[in-house]
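Quick note on labels: first sequence line is chain A, next is B, and so on, each numbered from 1.
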Protein chains: 2
Amino acid sequence: MVVDQLTPDQADRVFHALADRTRRDIVRRVLGGEASVSALGRQYPMSLTAVQKHVAVLELAGLVTKTRRGREQIVRADLDPVRRATALLDQFEALWRARMDRMGDLLAEPEQGATK
Amino acid sequence: MVVDQLTPDQADRVFHALADRTRRDIVRRVLGGEASVSALGRQYPMSLTAVQKHVAVLELAGLVTKTRRGREQIVRADLDPVRRATALLDQFEALWRARMDRMGDLLAEPEQGATK
DNA sequence: CTGATCTACAACCATCTGGTTGTTGATTAC
DNA sequence: GTAATCAACAACCAGATGGTTGTAGATCAG
């Protein structure tokens with residue numbers, strides 16, 4: 001398996017980070033190409049400090065990394081946690097299908113006599 | 001397209017709902033088979049009221065539905081919002097690949113003369 | 001050197017979150 | 001009928017969240 005699971009704590013942070021419109025938009029933006037914190041700040045109708053905090057939340061979730069370049073702080077996206085979150089959701093899908101299979105088995109069983 | 005997008009508000013609710021261990025566990029549990037609220041309540045080291053609230057959050061996100069059966073309230077999972085969330089994450093993946101393609105184009109270009 | 005830019009950080013605030021206890025109302029079991 | 005079970009709801013609480021303003025440290029441009 002290429003992408004392994006998120007720990008529960010990581011999942012908490014990743015999903016929480018994605019549970020905010022502004023943060024999802026920041027992720028989209030830096031996925032399309034890196035950006036400085038101040039450049040991001042200019043894109044949203046809120047203070048730069050607020051955007052800094054959003055970036056910090058994304059950073060804590062591992063969705064984004066910051067590296068200094070001169071006086072600017074460059075924000076880049078990391079897709080790994082996104083892939084792991086997707087894997088977690090796919091696991092839900094698998095649970096669902098497992099249940100469907102079990103129900104199919106039941107329906108396929110001879111009506112009266114129990115299987116054992 | 002079979003699964004269309006989540007609205008930003010729905011995405012807020014779905015990701016927020018998934019940003020809690022107990023709630024993710026409840027989703028897993030009811031994906032494996034429906035359960036009453038009180039049965040769920042017995043599974044976690046917290047009050048029934050707390051579990052009721054978690055179920056309510058999941059319900060608001062559309063991840064789960066409740067239906068009465070006698071004095072019990074049966075909780076069932078709905079995978080649709082999960083699939084839509086997955087689609088949103090896949091869209092991130094697509095943005096990433098689009099950038100990779102653009103970078104590839106740049107590298108493939110003749111070094112000096114601009115493209116236009 | 002001086003001023004503008006980019007960032008960090010502290011303090012504050014209103015609201016939301018995740019939990020609690022206690023009360024009440026249906027429904028089921030005896 | 002009475003008691004137990006299941007669920008809803010109100011009220012409360014500590015802590016997190018998402019925002020603000022203000023101050024201050026680096027770095028860059030003139």
Can you give me every donor-acceptor pair (side chain of residues 57-72 of chain A, partner residue at least two apart or in another chain, under 3.5 Å) with its distance?
from	atom 1	to	atom 2	distance (Å)
T67(A)	OG1	R76(A)	NH1	2.6
R68(A)	NH1	R71(A)	O	3.2
R69(A)	NH1	E34(A)	OE2	3.3

| message | If I take atom CZ in residue R42(A) and atom P in nucleotide dA4(C), what distance separates them, rounded to the nearest angstrom? | response | 16 Å
Give every pair of a protein N or O atom and an N or O atom of nucleotides 14-16 of chain C that lie under 3.5 Å apart, one pair per line with the distance.
none

| said: For a quick check of understanding: with a heavy-atom distance under 4.0 Å over all strands, which category does R21(A) fall into, base, sugar-phosphate or nothing? | reply: nothing
| query | Of all residues at least two apart in sequence or in a different chain, which pass the salt bridge (Lys or Arg N to Asp or Glu O under 4.0 Å) check with R13(A)? | reply | none
| field | Contact check, side chains of R99(B) and L31(A), non-hydrogen atoms, under 4.5 Å | value | no
| message | Counting the atoms with a prime plus P, OP1 and OP2 as sugar-phosphate, which does R23(B) contact under 4.0 Å by heavy atoms, base, sugar-phosphate, or nothing? | response | sugar-phosphate
| query | Closest heavy-atom contact between F15(B) and L18(A)? | reply | CD1-O, 3.6 Å
| field | Minimum heavy-atom distance between D12(A) and R24(B), given as atom pair plus value | value | OD1-NH2, 2.8 Å
| request: Taking side-chain hydrogen bond (donor to acceptor under 3.5 Å, both in side chains) as the test, write out the residues that go with D20(A), two or more places apart. | output: none
| task | Under the side-chain hydrogen bond (donor to acceptor under 3.5 Å, both in side chains) rule, collect the residues that match up with R29(A), sequence neighbours excluded. | result | D25(A), Q43(A), Y44(A)
| Phosphate-side-chain proximity, K66(B) and dA8(D), N/O vs OP1/OP2 below 4.0 Å | yes
| Just how large is the angle between the end axes of the helix from dC1(C)-dG30(D) to dC30(C)-dG1(D), five pairs per end, to 10 degrees? | 20°
| request: Provide, to the nearest angstrom, the distance between the CZ atom belonging to R13(A) and the C1' atom belonging to dA16(D). | output: 15 Å
| said: Please give me every residue in residues 29-38 of chain A whose heavy atoms get under 4.0 Å of an atom in DNA chain C, ordered by residue number. | reply: S36(A), V37(A), S38(A)
| side-chain hydrogen bond (donor to acceptor under 3.5 Å, both in side chains) partners of T86(B), counting only residues at least two apart | none
| remark: Taking every heavy atom of P81(A) against every heavy atom of V14(A), the minimum-distance pair comes out as CB-CG2, 4.0 Å
| said: According to side-chain hydrogen bond (donor to acceptor under 3.5 Å, both in side chains), who are the partners of D90(A), at least two apart in sequence or on a separate chain? | reply: none
| query | Where along nucleotides 19-30 of chain C does protein come under 4.0 Å, by heavy atom, of base (B) or sugar-phosphate alone (S), with - for untouched nucleotides? | reply | BBBB----BB--
| task | Please work out if Q52(B) contacts a base, only the sugar-phosphate, or nothing of the nucleic acid, heavy-atom cut-off 4.0 Å. | result | base
| task | Name all residues meeting the salt bridge (Lys or Arg N to Asp or Glu O under 4.0 Å) criterion together with D78(A); count only those two or more places apart in sequence or in a different chain, and write none if there are none. | result | none
| For A39(B), what residues pass the side-chain contact (heavy atoms from CB on, under 4.5 Å) criterion, not counting sequence neighbours? | S36(B), R42(B)
| message | From CG of D12(A) over to C1' of dG18(C), roughly how many Å is that when rounded to an integer? | response | 12 Å
| Between dG25(D) atom P and E72(A) atom CD, what is the distance in whole Å? | 21 Å
| request: Considering only NZ, NE, NH1 and NH2 on the basic side and carboxylate oxygens on the acidic side, decide whether D101(A) and R97(A) come within less than 4.0 Å. | output: no
